[in-house]
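Written below as structure tokens is the structure these notes are about.
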2 protein chains.
Amino acid sequence: MAIVKAKPKKSSVSAIRVAELAGVSRSAVSRTFTDGASVSPATRTKVLAAAEKLGYHVNHLARGLIHHRSGIVCLIVAEMQAPFQANVVETTTRKLQAIGKVVMVLNTAGQPENVEAALRQTLNYRAEATVVVSGAPPLSLIETCIENGQRVILINRDDAITGPEFVLVENENAAREACLLLHRAGCRNLAVVSSTAGTSSIMAREQSFVAAAAELGLTAQVSRAGPTGYATGAEGARQLLGASNRPDGVFCVTDLLALGFMDVARQEFRLAIPDDLCVVGFDDIPEAGWLAYNLTTFRQPIGAIADHIASIIEKDEPEPAPPKRLPTQVAWRKSVRP
Amino acid sequence: MAIVKAKPKKSSVSAIRVAELAGVSRSAVSRTFTDGASVSPATRTKVLAAAEKLGYHVNHLARGLIHHRSGIVCLIVAEMQAPFQANVVETTTRKLQAIGKVVMVLNTAGQPENVEAALRQTLNYRAEATVVVSGAPPLSLIETCIENGQRVILINRDDAITGPEFVLVENENAAREACLLLHRAGCRNLAVVSSTAGTSSIMAREQSFVAAAAELGLTAQVSRAGPTGYATGAEGARQLLGASNRPDGVFCVTDLLALGFMDVARQEFRLAIPDDLCVVGFDDIPEAGWLAYNLTTFRQPIGAIADHIASIIEKDEPEPAPPKRLPTQVAWRKSVRP
DNA sequence: TAACCTTATGCACAGCCTTGCAAAGCTGCT
DNA sequence: AGCAGCTTTGCAAGGCTGTGCATAAGGTTA
């Protein structure tokens, strides 16, 4: 007689088992766990006791199958270890959970082609909504998502597409204000530290700053030494500060760039901030407030962004709305002369 | 006649619709999307064409219902905007996606009581595995998860429970080595900057350092000025450096603590690092490598941790294994005299 | 052409849940 | 007791997929 290794199967307990234990019908246990369903207190307690004993938990997969509402919201994000993205993910997951959703995170690992695979996953899991924090999703798939009843929300992206909803920050105003701010501090040789990422919000900040400088009769140099991050800011400092016409006022389109820039300016060029050089950042990541930096920067209203995402997802009729533009706010610190 | 607003219903397209369009049975389309199923090339192409046209995507909710494998892995995490946690989440999501899983993030928002709700969600969505990055899950729920066939993995937590799998870092060895390292650098007045969080790994680091100091005949002061973070490190510096017996060698159980400590040491106490004061951190978050800090620290092998998580989840028979202890590695920088 | 084998296809059921509908039970009143 | 009105409960269908089993189709060989 051969030894047959019984497959454990570990079948998770389903409603029928608790119905048997409680001595009621399957429907009764279903109703016990459905808000607003009609169950007598007596059976309710019987069911709850049986459920507790067996460790029963409603299967949201099956529930989603019926309701056509999985309760899942997908977050598509790249570089989620970067401070700004990490904060967006943290805040968004928190607020979405508060309205009863559950968040699936799809990490595109920096590969743009993975955005497509990620969108496929949102369709596979019948997500109610997809929030694209970073990356450029192919238009055709966005349409498929919307046709399947998904809400699609793009953050800090300014494409001229209709269908998805947009929530973005007023990059142009902020960049313009950054320019004025540096000008008021007496800076006359301006520069902007950007990156090769080329996302729409970064381009907007960069170009608006250059335009604002031109309006003041100044030309702003632009440095794009690599991807958006600390190292690129550092390299930008080496480029700009090592050249002959060294700038005295710098706008970094991202705090991370600014921090790298400041470190090199101080350590390798022995410059004092803000005395020799004023620096303005963008995002207001926690690190910008650290004593070593004290960076004056434009705060992205992450809380408001997440609130708006939640409000879009919460309303059940997708009414077309214009892009939501949220204002930034200056976090005044010490990297710019007053 | 009343105007009845037709509920859009937006029912996402299901296999039967593509079967009709392709002129085949529903089974055929199911088989087309099942690896290793027997379908003729002719019908396969017909089905694929129809699916493409309709924007069909297999419903993983229904698929999971049958297979008892949802493909979902839950990550329970608090403070996910903190650099270390953010890196863990990034790496883990990436590696889990690489083995075909999809990650659901449950943010406990720092409230320990939310861990329980999060575990409930993992059961509701029939997650294949639950990874607890931070927080202390109630034992009874862990058991329920395991009974329902889930794999439960606890990170950097050292409870004497059987059932879940543990992957943790050799905190004791590292703390001990940190002590030796400071001693070799000539530090004789030691201190450790910790937090009030009281998690097992932080306690282990703190206590092992103190014990190692005692073995060298030294007593190490301990500062716990608040939750684990930059501000607490800063406050710890004010406490320790403002007192009479100012330490000359400090072990911070977390890089974030170390950075706050360094900033206050330098800016408010005008101390030079490493000349007046040596500092050792733990984690090796990206910020530790920034020029302003150059912090010597113990690197947590996040990649190896994530690899091990993935390997646990990938094997289908949950074989009991002893806790996986991964070694740390010193990232030598400039905050300790050589 | 018949027999046989391989491959492909369709049927029907299972998996877990919700819910409309009708039957049953209960309460209160005459 | 008898009836109306209400609440509770069970039945069965429906939502979407995977798959065992039987059947049909197609190909090969004698």
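Below, read A as the first sequence line, B as the second, and so on, with proteins coming before strands; counting in each chain starts at 1. Computation of the quantities below employed the complete heavy-atom set of this structure, encompassing side-chain atoms and omitting hydrogens, waters and symmetry-equivalent molecules. Small disclaimer: the values here were computed from a predicted structure and weren't measured.
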Original post:
If you look at every strand shown and take non-hydrogen atoms under 4.0 Å, does A:Phe33 touch a base, only sugar-phosphate, or nothing?
Top reply: nothing
**OP:** Output the single nucleotide from C:dC17, D:dG20, D:dG10 whose closest atom is nearest the side chain of A:Arg31.
**Re:** D:dG10
**OP:** Give a yes/no answer on whether the side chain of A:Ser30 brings an N or O atom under 4.0 Å of OP1 or OP2 in C:dT18.
**Re:** yes
**OP:** Let me know the distance between CZ of A:Arg17 and P of C:dC17, rounded to the nearest Å.
**Re:** 11 Å
Subject >> Distance test, side-chain N/O of B:His67 to OP1/OP2 of D:dT19, below 4.0 Å >> reply: yes
**OP:** Consider the side chain of B:Pro41, meaning its heavy atoms from C-beta on, and name the nucleotide among C:dC16, C:dA8, D:dT19 that approaches it most closely.
**Re:** C:dA8
Original post:
How long is the line joining CG of B:Leu123 and C1' of C:dC17, in whole Å?
Top reply: 17 Å
**OP:** Can you tell me the distance, in whole Å, between the OH atom of A:Tyr56 and the P atom of C:dG15?
**Re:** 15 Å
**OP:** Verify the distance criterion only: is there a donor paired with an acceptor across the side chains of B:Thr93 and A:Asn107 at less than 3.5 Å?
**Re:** yes
Subject >> Donor-acceptor under 3.5 Å (A:Thr43 side chain, A:Ser40 main chain) >> reply: yes
**OP:** Would you mind telling me which of D:dG10, C:dT9, D:dT17 lies closest to the side-chain atoms of B:Ser40?
**Re:** C:dT9
Original post:
According to a strict under-4.0 Å criterion, is A:Tyr125 in side-chain N/O contact with OP1 or OP2 of D:dC16?
Top reply: no
Original post:
Atom OG in B:Ser201, atom CG in B:Asp158: separation rounded to 0.5 Å?
Top reply: 9.5 Å
Original post:
Backbone N or O of B:Gly71 within a donor-acceptor pair of the B:Glu128 side chain at under 3.5 Å?
Top reply: yes
Original post:
Of the nucleotides D:dC16, D:dT17, D:dG18, which has the atom closest to the A:Leu65 side chain?
Top reply: D:dC16
Subject >> Minimum-distance nucleotide to A:Ile66 side chain [options: D:dT17, C:dG20, C:dT18] >> reply: C:dT18
**OP:** Rounded to the nearest angstrom, tell me the gap between atom CD1 in B:Ile16 and atom P in D:dG18.
**Re:** 14 Å
Original post:
More than 12 non-hydrogen atoms from neighbouring residues, nucleotides or ligands closer than 6.0 Å to CD1 on B:Ile16, yes or no?
Top reply: no
Original post:
Between C:dT9 and B:Thr43, is there an OP1 or OP2 to side-chain N/O distance shorter than 4.0 Å?
Top reply: yes
Original post:
Within less than 4.0 Å of OP1 or OP2 of C:dA8, is there a side-chain N or O belonging to B:Ser38?
Top reply: yes
Subject >> Among D:dG10, C:dT18, D:dT17, the nucleotide that comes nearest once only the side chain of A:Thr34 is considered >> reply: C:dT18
**OP:** Can you tell me the distance, in whole Å, between the CZ atom of B:Arg44 and the P atom of C:dT7?
**Re:** 16 Å
Original post:
What's the NE2-C1' distance between A:His57 and C:dC16, to the nearest Å?
Top reply: 16 Å
Original post:
Hey, does A:Arg26 reach any base, or is it just sugar-phosphate, or nothing, if we go heavy atoms under 4.0 Å?
Top reply: nothing
Original post:
Would a 4.5 Å heavy-atom cut-off, applied to side chains only, mark B:Met104 and A:Val103 as touching?
Top reply: no
**OP:** Specify the separation, in whole Å, of atom CZ of A:Arg126 and atom C1' of D:dT17.
**Re:** 10 Å
Original post:
Is the shortest side-chain N/O distance from B:Arg63 to OP1 or OP2 of D:dG18 below 4.0 Å?
Top reply: yes
Subject >> Spacing of A:Arg69 atom CZ relative to C:dT18 atom P, expressed in whole Å >> reply: 15 Å
Subject >> A:Ser27 side-chain proximity, nearest of D:dT9, C:dC17, D:dC11 >> reply: D:dC11
